[in-house]
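See structure below.
Note that the numbering runs from 1 along the sequence shown for the chain.
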Amino acid sequence: MSRNSQETQKETFALGKENYKLLLIGFAIIVIGFILMVGGKSEDPTVFNPEIFSFRRITLAPLVVLFGFLFEIYAIMKRPKDNA
């Protein structure tokens, strides 16, 4: 390569600015899903607490985490807009 062609090429990141914003949003969704799973602990370790099997912990939280991971895949695969 000639020196002129090397100077005209810009070094860019693999993903665009929008992709990184979407990655942060996806990460926040995953964290929210894990926060939804927290709780249900019994005060006395010898007593069973059925609250551990609530809808929020068994169904909603895993779906939120799954959606977060799917959103992360979308954020990575989305093509950045060309500024040309």
Side-chain angles (χ1 to χ4, degrees):
M1 276 190 181
S2 69
R3 184 176 176 123
N4 289 339
S5 64
Q6 288 177 352
E7 290 176 1
T8 57
Q9 291 180 347
K10 290 184 178 180
E11 291 185 25
T12 59
F13 289 107
L15 301 174
K17 189 175 182 180
E18 183 181 6
N19 295 84
Y20 288 113
K21 287 180 184 179
L22 292 174
L23 283 170
L24 286 175
I25 292 169
F27 180 73
I29 292 171
I30 293 169
V31 169
I32 289 169
F34 280 109
I35 289 171
L36 288 172
M37 286 186 206
V38 173
K41 178 181 165 187
S42 178
E43 298 297 325
D44 183 13
T46 60
V47 177
F48 177 73
N49 185 1
E51 185 61 26
I52 194 171
F53 297 113
S54 69
F55 170 78
R56 184 185 81 190
R57 291 183 187 93
I58 296 295
T59 306
L60 181 63
L63 287 175
V64 171
V65 172
L66 180 64
F67 175 74
F69 281 116
L70 292 174
F71 193 84
E72 289 284 330
I73 292 170
Y74 167 75
I76 293 169
M77 299 300 286
K78 184 177 183 328
R79 289 182 185 241
K81 294 180 181 175
D82 291 334
N83 293 334

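- Cluster partners of L63 are absent, since no Ile, Leu, Val, Met, Phe, Trp or Tyr has side-chain heavy atoms less than 4.5 Å from it.
- Criterion: ILVMFWY side-chain heavy atoms under 4.5 Å apart, direct or through other members. Under it, F67 and Y74 are part of a common hydrophobic cluster.
- Hydrophobic cluster membership for F53: F48, I52, I58 (Ile, Leu, Val, Met, Phe, Trp, Tyr linked by side-chain heavy atoms under 4.5 Å, directly or transitively).
- Closest approach of M37 and V65 over heavy atoms only: CE-CG2, 3.9 Å.
- Residues passing the salt bridge (charged side-chain N to carboxylate O under 4.0 Å, His left out) test with R57, sequence neighbours excluded: E51.
- When every heavy atom of A61 is checked against every heavy atom of G33, the shortest pair comes out as CB-O, 3.4 Å.
- Pairs engaging residues 26-41 under the salt bridge (Lys or Arg N to Asp or Glu O under 4.0 Å) rule: none recorded [sequence neighbours left out].
- Rounded to the nearest 0.5 angstrom, L15 CG and R79 CZ are separated by 12.5 Å.
- The CD1 atom of I29 sits 11.5 Å away from the CZ atom of F69 when rounded to the nearest 0.5 Å.
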Could you list the donor-acceptor pairs under 3.5 angstrom formed between side-chain atoms of residues 17-25 and any protein atom two or more places apart in sequence or on another chain?
unit_1 : atom_1 : unit_2 : atom_2 : d
N19    : OD1    : G16    : N      : 3.2
N19    : ND2    : A75    : O      : 2.7
N19    : ND2    : K78    : O      : 2.8

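- Note on V38: it does not cluster hydrophobically with V31, by side-chain heavy-atom contacts below 4.5 Å among ILVMFWY residues.
- In this view, V47 and S42, D44 satisfy the side-chain contact (heavy atoms from CB on, under 4.5 Å) rule, not counting sequence neighbours.
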